[in-house]
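Here is the naming used below: chain letters follow the sequence lines, and residue numbers restart at 1 for every chain.
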Amino acid sequence: AQSVAQPEDQVNVAEGNPLTVKCTYSVSGNPYLFWYVQYPNRGLQFLLKYITGDNLVKGSYGFEAEFNKSQTSFHLKKPSALVSDSALYFCAVRDIAGSARQLTFGSGTQLTVLP
Amino acid sequence: KAGVTQTPRYLIKTRGQQVTLSCSPISGHRSVSWYQQTPGQGLQFLFEYFSETQRNKGNFPGRFSGRQFSNSRSEMNVSTLELGDSALYLCASSPGTGASYNEQFFGPGTRLTVL
């Protein structure tokens, strides 16, 4: 079975400061990992993904994420937060070797960037 | 390319009624997945259709059903609505084959309220 944990329901950060949104996963094989963002009354927007290769993945809007296999983590980061980054962030995983083909999402982390 | 479209955007129904939601995927995409999003349960996978066949199914009761047409458009039906069915229903499309399968593009969702 595959699962994702986002240990923080809420993250607050001041504008201009670095931000981190945490994600850990569990799969039986190797993972495909994703980050999505959701703004109020909108669907999910794709930010970035890790498939294979370089552990540091760069995505949209200046976001990046670091894959750490030993810690089974895929934390989302941004060097300098903007107020417009305030939104709900979801981490998702799929086990490459698993029979389940769908994505499993974490519970989401509400990011608030304070001006 | 046009994005994923969902109709209607908002629905209000009463208990016991049934409802049909529609999703048009990105042109050329053959896979359509449906998710239910609620504050308490987060994002839960309902089912996935690929080339008019259900390829994956989540853990939802038989009241939830779907289908896909030859043009890849998909409908989701919920019969005998319950108060707990109130949610944002999200549709996601992807090419459905190869490595790009795993990147899903979401529509804006249909907000269903059951009274």
Query - Whether A:Tyr36 and B:Phe106 hold their rings parallel, tilted or perpendicular, with breakpoints at 30° and 60° - result: perpendicular
Requested in this report: Would you name the heavy atoms of A:Leu103 and B:Gln104 that are closest together and state the gap between them?
Outcome: CD1-OE1, 3.7 Å
Query raised in the report: Mind checking which of residues 75-89 of chain A sit less than 4.5 Å from chain B, heavy atom to heavy atom?
Result: A:Leu88
Report task. Please check if atom OH in A:Tyr39 has more than 12 non-hydrogen atoms from other residues, nucleotides or ligands closer than 6.0 Å. Result -> yes
Query raised in the report: Measuring heavy-atom distances to chain A, does B:Gln44 have an atom under 4.5 Å in its side chain, in its backbone, in both, or in neither?
Result: neither
Query - Over 12 non-hydrogen atoms of neighbours within 6.0 angstrom of CG in B:Asn59 - result: no
Report task. Determine, using the 4.5 Å side-chain heavy-atom cutoff (strictly less than), whether B:Leu43 and A:Val4 are members of one ILVMFWY cluster. Result -> no
Report summary line: Residues pairing under disulfide (SG to SG under 2.5 Å) where one sits in residues 28-72 of chain A, two or more places apart or in two chains, turn out to be none
Query raised in the report: Among B:Gln37, B:Gln41, B:Gln6, B:Arg9, which has the most heavy-atom pairs under 4.5 Å with chain A?
Result: B:Gln37
Query raised in the report: Side-chain heavy atoms under 4.5 angstrom apart, residues restricted to Ile, Leu, Val, Met, Phe, Trp, Tyr: same cluster for A:Leu56 and A:Leu48?
Result: no
Report summary line: With sequence neighbours left out, the residues meeting ring-ring contact (aromatic ring centres under 6.0 Å, His included) with A:Phe90 are none
Query raised in the report: Does B:Leu88 belong to the same Ile/Leu/Val/Met/Phe/Trp/Tyr cluster as B:Leu83, with side-chain heavy atoms less than 4.5 Å apart forming each link?
Result: no
**Report entry** Region of A:Gln38 that comes under 4.5 Å of a non-hydrogen atom in chain B
**Finding:** side chain
Report task. Output all residues satisfying ring-ring contact (aromatic ring centres under 6.0 Å, His included) with B:Phe45, sequence neighbours left out; order by chain, then residue number. Result -> B:Tyr35
